[in-house]
Amino acid sequence: MKVIAKDRIWLSPPHMSGNEMKYIQEAIDGNWVAPVGQNVNAFEAGLEKHLKCNVAALSSGTAALHLALVILNVKRGDVVLCQSLTFAASANPIVYQGAVPVFIDSEKTTWNICPNALEDALKHYARKGKRPKAVIGVHLYGMPCMMDEVLFLCNKYGVPFIEDAAEALGSTYKGKMLGTFGEMGILSFNGNKIITTSGGGALLSNRSEHIKKAKFLATQARDEAPHYEHSQIGFNYGLSNISAGIGRAQLEVIDDRVKRRRSNFDSYYKKLKKFPGISFQNEPPDCFSNRWLTAILVDPEISNGIGREDFRLNLAKENIESRQVWKPMHLQPVFSKAPYFGGKVSEELFEKGLCLPSGSDLSKLDLMSICKNIDQVLT
Ligand SMILES: *Cc1c(COP(=O)(O)O)cnc(C)c1O
């Protein structure tokens, strides 16, 4: 019998809207094959309208975080507090600046930065007379962090809050877009995010001077002069006009993409909630998650010893990609010497958590076969 290889079901693949080629073609026809041009302008304007804040389109989310730290004057030896349960890109820019990353545990509801652990850290550094230069919080898988509590603490201790909203475009807290609450926020348009430019990112702020500064720094910090004049160190962090063309077309369908990702979550929830030992990331009142990725927690003590890895391996057998929840930064070899505040919540989420295929182009049939596969492991 001939076995036909089934197409791989990816965790979160790019999903084109159909208009991408139109904007790319315009860029090529106008010969704006450069890090400036109409697509960059229109993409920024579209994001500003959608988010109701100032936006600089950049080459990546990592670059946006790096610029946020530069703008906040983070320097060698400074302390920056950062959510531990996240992708390494949230923390790496701290080290680019020679600053010291200090990691903070998560709380169990949203899986994001724990206000209690954050306050412990803020108190600790206040006692030492060393005020942290920034707090970086993350909206993991699109879920808003405990915004009121976190902003209250940041205000109380006089530390600017940077929102890593790389995974959270389209999510809101009390009806307001994530990424627009902190001193600055960042987005990512990497290929796996809810919309993509293939690679790209953005810096967000309610303060126009931050965004003006970001655009200056992102284009090699060139002073106003007929020749090349520099009075500070700059970066080449601009977004390509070709990539921005993809972004324009993607932004046109953002509402649809949020709807589809949320619908994936609903399907998984309906099918899997009945199994003892399986639970989901909660969406508290006031919070609206784009449900970028649906992740389940599997507790082997309740599920007859079946764990997250049993599901992952059985899915892999059918060419279905799933992935463990982010490994906390304080457990990463590269950050083994970094201070850490909190308990074992992020560690436990890492041990028990599994992200399921969550692409906005996932078909009903795909969803059914994934749930059937999970069912097989349990029964
Ligand atoms: C994707 C991601 C980033 C980095 O964005 P890039 O555009 O890939 O540099 C940062 N933080 C989080 C939480 C992410 O998921």
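Both ligands and their constituent atoms are indexed starting at 1 by order of listing. Any value given below was found using the heavy atoms of this structure, including those in side chains, with hydrogens, waters and symmetry copies removed.
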Could Arg262 and Glu283 be called an ion pair, given the rule that one side-chain N must be under 4.0 Å from one carboxylate O?
yes

What atoms of ligand 1 come within less than 4.0 Å of a heavy atom belonging to Ser60?
7 (O), 9 (O)

Identify, by atom number and element, the atoms of ligand 1 in contact range of Gly61, meaning under 4.0 Å from any of its heavy atoms.
5 (O), 6 (P), 7 (O), 9 (O)

Test of understanding: with side-chain hydrogen bond (donor to acceptor under 3.5 Å, both in side chains), list the residues that count as partners of Glu107, not counting sequence neighbours.
Thr110

For Ser12, run the side chain to side chain donor-acceptor pair (under 3.5 Å) check against Arg261, Glu321, Lys193 and tell me which one passes.
Arg261

Does an N or O from Ser188, backbone or side chain, lie closer than 3.5 Å to an N or O of ligand 1?
yes

For Thr86, the ligand 1 atoms whose distance to one of its heavy atoms is below 4.0 Å:
13 (C)

Determine whether a donor-acceptor pair (N or O, by modelled atom type, separation under 3.5 Å) exists between the side chain of Asn112 and the backbone of Leu140.
yes

Numbering the atoms of ligand 1 from 1, which are under 4.0 Å from a heavy atom of Thr62?
4 (C), 5 (O), 6 (P), 9 (O)

Over all heavy atoms of both residues, which pair between Leu65 and Asp164 is shortest? Give the atoms and the distance, please.
CD1-OD2, 4.0 Å

Is the closest N or O pair between Ala89 and ligand 1 shorter than 3.5 Å?
no

Side chain or backbone of Ala166 under 4.0 Å from ligand 1, or both, or neither, by non-hydrogen atoms?
side chain

Contact check: Trp292 vs ligand 1, nitrogen or oxygen atoms, below 3.5 angstrom:
no

Short N-O contact, Lys212 and Glu209, less than 4.0 angstrom
no

So which bit of Val138 gets within less than 4.0 Å of ligand 1, heavy atoms only: side chain, backbone, both or neither?
side chain

According to side-chain hydrogen bond (donor to acceptor under 3.5 Å, both in side chains), who are the partners of Gln220, at least two apart in sequence or on a separate chain?
none

